[in-house]
Amino acid sequence: MVRSLSVRYAFAVAKQSRAIRTATIVANEAVCREHLRITLRRPELPPSHPGQFVHISPEVSPPPEYPAAQGDSWHPGEEWSAIPHTPMLRRAFSVAGLRRGDDGIDIDVIYRVVGKATRWMASLRPGARVSILGPVGTGFPVNESKSTAWLVAGGVGLPPMLWFAQALHEARKKAIAFCGVQSADLLPLTLDADATPTNDASEATLSAEEFSQHETPTVISTDDGSLGYCGHIGAALSAYHQANPIDANEVVVYACGPEPMLEFVSHYCIERGMECYVCMERAMACGIGTCQSCVIPVVDDCDPQGWRYRLCCREGPVFPAEDVIWNQPAKR
Amino acid sequence: MSPEAKRTGNVDLAVNLAGIRMSNPVMTASGTSGYGPDFAEHVDLEKLGAFVTKAISPELRKGNPPPRTVETAAGMLNAIGLANLGLDRFVAEIVPFLQTVSTPIIVNVVGHSIEDYQTVCDRLDPIDCISGLELNVSCPNVADGLEFGTDAERLENLVASVRPLVKRATLIVKLSPNVTDIVQTAQAALRGGADVLSVINTLRGMAINADLRRPILANRCGGLSGPAIKPVALYCVDRVYTQVARDAQVPIIGMGGVYDWRDAAEFLLAGATAIAVGTALFVDPTIPMRICEGLATYLRERGLTSTRDLIGQLG
């Protein structure tokens, strides 16, 4: 059945953050090669969902005690400086975890150091403050009528699945996490010494602590075969599925990772009649829908050409797999 | 006295932009704050001096494929491709929202041809809530976008063709910096009948990924904005003000890399009557409000009472 796009996108549309907030770093530690987990603390935060992201500014802008609060004691010569040194724009990161404690709300972000902004982030120490926008974007929709969720993660697509696994566990869903990385040392998970991942992907085991605590077994793959299944995670998913057939109407597949992997998983699920959602990534400037940078081509039955762009930041980052057009239309 | 009144007391930030009465000189730059509704979720539009919409063309435009933006040293390149709703949907879906906003609204207008500009201006001019129409004649993102803005004769012709249709709104022409001498195009715009000049649009630029041996933007090139272009923008405002606008008594909207009140003050000193914040809004949409507070303090501490005391007051 073809539902209208507006209805289709009505799922899990989260309330957009109305403000930029300052967060204090309480931890920023390496979890594996090139990956760190940064924990940002806020006194309060609007309701947030797995799949959403935070947009982090390389500088605190404004600092928490903005001159307005200081009244006459402020002089122009002492102004906050919004002129950022490069990097200048905010960077978007999926939320990997969210905990409410006595001291506020802690937001976990797991990131890989790939460029200037992430190098800057890696240099931050507890006590430092950053400016965050969000969490914003749509979250992963949960289908109440389906018992099982398969979370398919490639590389830095893994972090949002950690929080989602927790949410699914709390919602009493059965979840399996498929985690693919290039090499064992790039897996940002704590492995259980007693339960090694199978290398034929025939079985999901409670082998990664971060998922096991939510009773979510994992299938792990590495491109170089250094851990678990040797190959990409789409192939591991396929191998697991063959060994463990399931009614397509019982499972929802959620994928996050590099675009070729998302495309593979999308096709795999669509061909088999499995409901599938992909969490996409785009370079973003604003994160609030105004700059129009982060477009994703999607099917649109109402458009004369049958497609339109949607914004990854506001209308995503989670999209129904069957909507995404993987071969970008030519320049027009 | 409220903290607000205390901070801004005795300082009048208001400016008049050829008939557009602005409560302060800070506006948004076209294309950096959407059409209004999205932006209004994060910022109180009433606190802006004016709100400038994204460019509107007669027909819907999907825009360029991604990547559309890339950060560069102290700035960014964009090649959005003038993606917009098109005139019909803008009038049907956005104008009702804009009618609820008391801040002056300026609509940026773009087209492939003189007729396109005429179509949009003719339709929007009678709409009361639209105070100004800004012609985008210099957007470097679309293949034919450079034509009007970089040739004085063609620019004059365009502005003169649109002028009779803009009877109520203020007609603004946004000048391109991608010219040998911006004074020539500024003069051409005034001969055509422009009420106000926006100075400057983005500079053409390019970014390359050496690993992939490919341009980073899908459009190959884009428009450079952000702090990187501020010195160019200040130079252009100074040139246009001293050579053309001052004597003609035509106000200038200065823009290009404005991030804080000090940048704003610099543009005002160079001769701008108002300033627009663009790329900085992507980092923090509330920067215009803080610029206003900073400007008020700056004026008060120097014993000045009005933004107007700064305009063109370069020693």
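Nothing here was measured: the structure is a model prediction, and the numbers come from that model. Reminder, nothing fancy here: chain letters follow the sequence lines and each chain counts from 1.
For the atom pair Q292(A) CD and L82(B) CG, the distance stands at 11.0 Å (nearest 0.5 Å). A distance of 11.0 Å separates CZ of R282(A) from OG1 of T69(B), quoted to the nearest 0.5 Å. The OG1 atom of T290(A) sits 7.0 Å away from atom CG of D38(B), with the distance rounded to the nearest 0.5 Å. For the atom pair CG (D284(B)) and OG (S57(A)), the distance works out to 8.0 Å, reported to the nearest 0.5 Å. One finds the CD1 atom of I80(B) at 10.5 Å from the OH atom of Y309(A) (value rounded to the nearest 0.5 Å). With values rounded to the nearest 0.5 angstrom, F282(B) atom CZ is found 10.0 Å from H55(A) atom NE2.
When the shell of 6.0 Å around CD of E59(B) is examined, it contains 12 or fewer heavy atoms from other residues, nucleotides or ligands. Residue E266(B) places its CD atom among more than 12 non-hydrogen atoms of other residues, nucleotides or ligands, all under 6.0 Å distant. Around the CZ atom of R220(B), the shell of radius 6.0 Å holds no more than 12 heavy atoms that belong to other residues, nucleotides or ligands. Within a 6.0 Å sphere centred on CD of Q182(A), heavy atoms belonging to other residues, nucleotides or ligands number 12 at most.
Closest heavy-atom contact between P66(B) and S293(A): CB-O, 4.4 Å. Nearest heavy atom pair, residue M76(B) against residue A285(A), reads CE-CB, 4.1 Å. Nearest heavy-atom pair, M88(A) versus P227(B), reported as atom, atom and distance to 0.1 Å: SD-CD, 3.7 Å.
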Stepwise side-chain contact (heavy atoms from CB on, under 4.5 Å) test for L89(A) and V283(B): CA-CA 6 Å; L89(A) 298 172; V283(B) 181; 4.2 Å; yes
side-chain contact (heavy atoms from CB on, under 4.5 Å) evaluation trace for L281(B) with C286(A): CA-CA 8 Å; L281(B) 298 177; C286(A) 70; over 6 Å; no
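Side-chain contact check for Q305(A) and K62(B): at least one donor-acceptor pair (N or O, by modelled atom type) lies under 3.5 Å.
A distance-only check finds no donor-acceptor pair linking the side chain of R68(B) to the backbone of C294(A) [under 3.5 Å].
Within the 4.5 Å cutoff, no side-chain heavy atoms of P65(B) are placed close to those of V295(A).
Of the charged side-chain nitrogens involved, none lies within less than 4.0 Å of a carboxylate oxygen, so that E71(B) and R90(A) do not count as a salt-bridged pair.
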